[in-house]
Amino acid sequence: MATERYNARTSEPKWQKAWDAEKLFETKNDDPRPKYYVLEMFPYPSGRIHMGHVRNYTMGDVVARFRRANGCNVLHPMGWDAFGLPAENAARDNKVNPRDWTHANIATMKGQLKTMGLSLDWTREIATCDPSYYRHQQKMFLDFWQSGLVERKAAKVNWDPVDMTVLANEQVIDGRGWRSGAPVEQRDLTQWFFKITSMSQSLLDGLDTLDRWPEKVRIMQQNWIGRSEGLLLRWALAEDTAPAGESELEVYTTRPDTIFGASFMAVAADHPLARKAAETNPRLAAFIDEVRHMGTSVATLETAEKRGFDTGIRVIHPFDKNWTLPVYVANFVLMDYGTGAIFGCPGHDQRDLDFANKYGLPVTPVVKPEGVDAANFQVTEEAYGDDGTMINSRFLDGMTPDAAFNDVATRLAGVIIGGRPQAERKVQFRLRDWLISRQRYWGCPIPVIHCDDCGAVPVPNDQLPVELPVDVSFDKPGNPLDHHPTWKHTACPKCGKPARRDTDTMDTFVDSSWYFARFTDPWNATAPTTLAYVDGKNGWLPVSQYIGGVEHAILHLLYSRFFTRAMKATGHVNAVEEPFEGLFTQGMVVHETYKGPSGWVTPAEVKIEEVDGKRKASLLADGTPIAIGPIEKMSKSKKNVVDPDDIIASYGADTARWFMLSDSPPERDVIWTEAGVEGAHRFVQRIWRLISEAASLLEGVEPAAADAGAGATISQTAHKMLKGVGEDIERLHFNKGVARIYELTNVLSPAVAEIGTGVGDASHKAAVRQALEFLVVMIGPMMPHLAEECWAALGGKGGLVAAQSWPIFDPTLVMDNEFTYPVQINGKKRGDLTIARDADQAAVEKAALGLDFVQKALEDRAPRKVIIVPQRIVNVVA
RNA sequence: GCGGGUGUGGCGGAAUUGGUAGACGCGACGGACUCAAAAUCCGUUUCUGGUGACAGAGUGUCGGUUCGAGUCCGACCACCCGCACCA
């Protein structure tokens, strides 16, 4: 029977409508089944979806559909990370309102996502730029403020001169703004901060509980938080060298054990002591000025050579009144870490050694490695940073560095100077507070009013939300809210006098730090969350499986972890602290690049041919030769992008989805190739041919597993694959599941063809029928439209596949009755031995030794040893 | 510099964690069907030698542990990612 080709263009919209009509993916909060929350990172509405989205949302959809088939009440929502600078740039360049631009993009992208056939609950859709969303964010900002989690303070902040706004530390990459790529400058400004550092320890400890997160991400966060244990240590200044009014220098050190190896002190250029000393020393003042200027750009700071300037100040060693050390101002000491001052121990710190060598300062090793003679141990070019034994350290000699650390800490803690101990233990974090002020329009307004008399005053609850004005102009550079003629002028809520609104908006990472909580009840108009649904016994959080790009390993994921804790502290969630129980970071979609005489060329314009075994590219239009470049992340600048719309239009969504899941492990990059898509499409057609052929042959046949004859092999394979595919999806090993589905198809195709020729009894047919139904259910999460079409062709028993349960495999069929042992001689495989699965070791040994190739190898001698691992292997040692 | 990861056919990648290396897919080659092509179907496809059955080699390199190593240990090489004067 000739069957028509599967036509995705007509089938896919048909089934999407059928799912909508049944409201299959709308989730009820009070559904009693076990809850499963699967979430993909929501997109920025840039205009069109790209292949990265297709990959991300396909994976999430497979998980959602699979969990649904396994009896879970699945929450799988979608929304829009809708605030951000591109909308303002579009407004400036094209004279459109950011709101209109954003909403138009959302409409387009929503349409594109719908063509993918994702099982999303669109009734919960949210956009962060809607006042109905950001009003709650403003409320939480004020709640956080009241709870001491928000602070307005002056600080040295990162200024992006292109985007004309400040940036958080996390948004500065290699000294450049994360979006603009412009070198970031340091400015002193008063800004709003979330006090993320108040939760440093909790954020660090929480990482240990996240066993379903990639190790890599946990390590990155751990390093970013950067905890160290050390000592705050005060050094007395030698009186005759101290500037007026100064008597001591406090440093932070993690190596107090090396205190006898100290040879100098170094302070940051901004350190108060440096400023004081510079007052009477013009050359020092000039040096400090120079260092400060160099410090404007973070990028130049990193490559700078280590330089210093002797202030003339001397400090007295805590354990030796007669030992004085020089105090330098050094360009490599940071003011905002520790106390902005260090003691230099050149023997055991490379920077200090470089510095000491440059300025001729003494180098005394105080820790020696194991097995080295103390008298001969010297440090010249390379500092020794490892463990060992204390030397040249008086009362510390012979101790381990750990013990010496404790000894020094204890001794100096007991020395009280000026009412304070000379040293205190101190845990220091690298993490800084989260700067959230942005001098931009298209963001959530900070709900604060500045009054000359009352200071910064919260906007009262009944005046929320503070909405963005619509009539803004982007003609002038800078912040349109600040330029707006009336918006910022208002009355002080406290005293009623004229006052000004804060014209800054919040970092857009604030918007994405709680959207996952909002999805649990987006209809709540009075509060950000509904406590009954957000977490706890009947709540959704934490997200069971979160999927997104690794580029958010620190930014979004760290902020969300903080925000969840802050929401708990302010009563917006019940108990949850870690918002994402399972995290998966998927790889990128990459593609070959093509370069012609006049620059980069898109894949759609290129024809690829194979000439003498070599791939050659030429321009489709006129045959101009094109150079095939390296495989890179799809980007507009390299033009190596493939538009999901084009793929879906020509092959259908299922082909695109299947390709995204095939071959490449999901955490790795996937190389998009034309040949690969065609291969995926061929499989779509192959499944359809198989099912439509079988549908007529097996009409009326009741599916059942066979336990004997040819059908038994079919049933065994089908049940094994059913088990395997389920496990693969559970572990997100989609590529392995795909391979198994191919294998099952490879078994079923000839089986169906055989039935077509009239071979096979009833039990065989029943087994094939069952295997085919398994196959259709198994492809359901991956290629949902094709699965529906196939299911309908097979009779459509029980309605839509999307509503079917995942079948349960029969354990007895998954186990073979016989086992084929590979038989090795001296560790090399020489043959097989098929024997009953329950044969005991003696029986296996006897049978193995009876094999002719074993006898030949042994040449009548007795084997030295026979190793039998049940259900594994036989190894005969001759 | 520090931290993490990866390295397997022409290519993407499998290998129940110490037990048959190369599943599955792509590509290539040969054949069938066709006037022809596309599509489809059937074979072959790690390398070397041999018509062949077969033999030998083989998971970045070198060494080690083991009856047995892609997997464990030691040293090294290459590439990728993250952090980077954090005291």
Side-chain angles (χ1 to χ4, degrees), chain A residues 5 173-175 214-224 226-228 230-231 251-255 258 266 298 301-306 330-334 336-345 348-352 354-355 383 385 428-432 550-551 553-554 610 613 615 658-659 662-665 667-671 673-680 682-683 685-686 689 724 727 733 735-746 749-750 753 820-832 863-869 871-878:
Chain A
R5 282 171 68 79
I173 293 151
D174 294 333
E215 183 74 22
K216 178 185 157 136
V217 175
R218 279 157 36 193
I219 289 169
M220 279 165 74
Q221 291 214 357
Q222 198 177 315
N223 292 340
W224 189 264
R227 185 191 140 105
S228 62
L231 225 55
V251 304
Y252 179 70
T253 178
T254 56
R255 294 296 302 274
T258 64
V298 180
L301 201 144
E302 276 166 19
T303 49
E305 189 198 357
K306 283 175 191 42
N331 64 345
F332 66 91
V333 179
L334 307 172
D336 47 7
Y337 188 79
T339 61
I342 62 163
F343 80 75
C345 176
H348 306 285
D349 183 290
Q350 193 60 44
R351 282 170 322 214
D352 296 349
D354 295 345
F355 192 83
Q428 181 79 35
F429 293 94
R430 203 191 80 115
L431 184 69
R432 315 276 171 79
V550 74
E551 66 273 18
I554 293 177
E610 193 144 328
R615 296 176 67 247
W658 185 251
F659 181 73
S662 309
D663 291 357
S664 294
E667 69 278 7
R668 266 193 245 176
D669 291 350
V670 60
I671 305 169
T673 62
E674 192 65 13
V677 190
E678 270 164 16
R682 226 174 292 145
F683 186 65
Q685 295 298 347
R686 194 174 152 208
R689 264 196 316 277
E727 288 167 355
H733 295 167
N735 57 321
K736 296 183 202 171
V738 164
R740 280 187 223 271
I741 289 173
Y742 273 113
E743 271 184 86
L744 179 57
T745 311
N746 289 344
S749 290
T820 300
Y821 281 93
V823 179
Q824 297 181 332
I825 291 163
N826 296 330
K828 280 208 185 298
K829 195 205 162 191
R830 292 294 135 135
D832 293 309
R864 283 205 285 154
K865 203 171 175 185
V866 179
I867 291 146
I868 295 161
V869 183
Q871 322 298 328
R872 276 289 150 79
I873 201 156
V874 177
N875 189 11
V876 179
V877 185

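Both backbone and side-chain heavy atoms feed into the values below; hydrogens, waters and symmetry mates do not. Below, read A as the first sequence line, B as the second, and so on, with proteins coming before strands; counting in each chain starts at 1.
Look at the P atom in both C35(B) and A55(B): the space between them is 47 Å, to the nearest Å. Comparing U59(B) with U8(B), their P atoms sit 11 Å apart, to the nearest whole Å. On the C1' atoms, G58(B) is 11 Å away from G22(B), given to the nearest whole Å. Taking atom C1' on both nucleotides, A21(B) is separated from U46(B) by 10 Å, rounded to a whole Å. The P atoms of G27(B) and G12(B) are separated by 15 Å, rounded to the nearest whole Å. G9(B) and G5(B) have their P atoms separated by 22 Å, given to the nearest Å. Taking atom P on both nucleotides, A28(B) is separated from C11(B) by 15 Å, rounded to a whole Å. The separation of G74(B) from A57(B), taken at their C1' atoms, amounts to 25 Å, rounded to a whole angstrom.
Nearest heavy-atom pair across T673(A) and F659(A) is N-CZ, 3.8 Å. Summarising the geometry of Q221(A) relative to A553(A), their closest heavy-atom pair is NE2-O, 2.8 Å, with the distance given to 0.1 Å. K306(A) and D354(A) make their closest contact through CD-CB, 4.1 Å (heavy atoms, listed as atom of the first residue, atom of the second, distance).
In this structure, U17(B) is classed as syn because its glycosidic torsion stays within 90° of zero. Glycosidic conformation of G30(B) is anti; the angle lies outside 90° of 0.
Counting only heavy atoms from C-beta outward, the side chains of R830(A) and V876(A) never approach each other to under 4.5 Å. Looking at Q428(A) and T339(A), their side chains never come closer than 4.5 Å, going by heavy atoms from C-beta outward. The side-chain heavy atoms of V877(A) and N826(A), taken from C-beta on, include a pair separated by under 4.5 Å. Contact annotation: the side chain of S749(A) approaches that of R686(A) to within less than 4.5 Å [non-hydrogen atoms, C-beta and beyond]. Side-chain atoms of D669(A) and I671(A), non-hydrogen and from C-beta on, never get closer than 4.5 Å to each other. Looking at D352(A) and F332(A), their side chains come closer than 4.5 Å, going by heavy atoms from C-beta outward. Annotation: side chain of L231(A) is in contact with side chain of T253(A) (closest heavy-atom distance under 4.5 Å).
The CH2-C1' distance, from W224(A) to C81(B), rounds to 15 Å in whole Å. G1(B) atom P lies 13 Å from atom NZ of K306(A), rounded to whole Å. Per the geometry, CD belonging to E674(A) stands 20 Å off P belonging to G25(B), to the nearest Å. F683(A) has its CZ atom 15 Å from the P atom of G27(B), to the nearest Å. If you measure from atom CD of E743(A) to atom C1' of G25(B), you get 11 Å, rounded to the nearest angstrom. Per the geometry, OH belonging to Y337(A) stands 17 Å off P belonging to C83(B), to the nearest Å. Atom P of nucleotide C24(B) and atom CZ of R740(A) are separated by 12 Å, given to the nearest angstrom. Counting to the nearest Å, the P atom of A87(B) and the CZ atom of R227(A) are 12 Å from each other.
The pair E743(A)-R740(A) fails the salt-bridge criterion, with no side-chain N (NZ, NE, NH1 or NH2) lying under 4.0 Å from an Asp/Glu carboxylate O.
Contacts of V333(A) with the nucleic acid, taken as non-hydrogen atoms under 4.0 Å apart, include base atoms. Across all strands, R432(A) comes closer than 4.0 Å to base atoms (heavy-atom distances). Across all strands, N746(A) comes closer than 4.0 Å only to sugar-phosphate atoms, never to a base (heavy-atom distances).
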Under 3.5 Å, which protein N or O atoms sit close to an N or O of nucleotides 38-46 of chain B? Give each pair with its distance.
residue : atom : partner : partner atom : Å
U40(B)  : O3'  : R689(A) : NH2          : 3.3

Listing time: all N or O pairs from protein to nucleotides 63-73 of chain B that are below 3.5 Å?
residue : atom : partner : partner atom : Å
C67(B)  : O2'  : N875(A) : ND2          : 3.4
C67(B)  : O2   : N875(A) : ND2          : 2.4

Strictly under 3.5 Å: I want the nitrogen or oxygen pairs between protein and nucleotides 54-60 of chain B, one per line.
none

Restricting to nitrogen or oxygen on both sides, can you table the protein-nucleotides 12-15 of chain B pairs closer than 3.5 Å?
residue : atom : partner : partner atom : Å
G12(B)  : O2'  : S664(A) : OG           : 3.2
G12(B)  : N2   : D663(A) : OD1          : 2.9
A15(B)  : OP1  : K736(A) : NZ           : 2.7

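To the nearest 0.5 Å, atoms CD (Q871(A)) and OH (Y821(A)) are separated by 4.5 Å. From L334(A), atom CG reaches atom CZ of R430(A) across 10.5 Å, with rounding to the nearest 0.5 Å. The distance from atom CZ of R682(A) to atom CZ of R689(A), rounded to the nearest 0.5 Å, is 10.5 Å.
Put simply, the side chain of Y252(A) never gets that close to the backbone of Y337(A): no donor and acceptor are under 3.5 Å apart. Side-chain atoms of Q350(A) come within 3.5 Å of backbone atoms of A383(A) as a donor-acceptor pair (strictly under, hydrogens ignored).
Counting only Watson-Crick and G-U wobble pairs whose two key distances fall under 3.5 Å, RNA chain B forms stems of three or more stacked pairs at B:1-7 with B:77-83, B:10-12 with B:24-26, B:27-32 with B:40-45, B:46-49 with B:54-57, B:60-64 with B:72-76.
At a cut-off of 3.5 angstrom, counting only N and O atoms as typed in the model, there is no donor on one side facing an acceptor on the other between the side-chain of K216(A) and the base of C81(B).
Nearest nucleotide to the T253(A) side chain, out of G27(B), C24(B), A87(B): A87(B). The Y742(A) side chain lies nearest to G25(B) when the options are G25(B), G82(B), A21(B). Which of G25(B), G3(B), A87(B) sits closest to the side chain of Y252(A) comes down to A87(B).
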**OP:** Would you check, one step at a time, whether the test side-chain contact (heavy atoms from CB on, under 4.5 Å) holds for I868(A) with V874(A)?
**Re:** CA-CA 5 Å; I868(A) 295 161; V874(A) 177; 4.3 Å; yes

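Listed by chain and number, the residues in a side chain to side chain contact (heavy atoms under 4.5 Å, CB included) with Y742(A) are W658(A), F683(A), V738(A) (sequence neighbours excluded).
Phosphate contact (OP1/OP2 of A84(B), side-chain N/O of R430(A), threshold under 4.0 Å): present.
The residue among E678(A) and V738(A) whose nearest nucleotide of RNA chain B is located toward the 5' end is V738(A).
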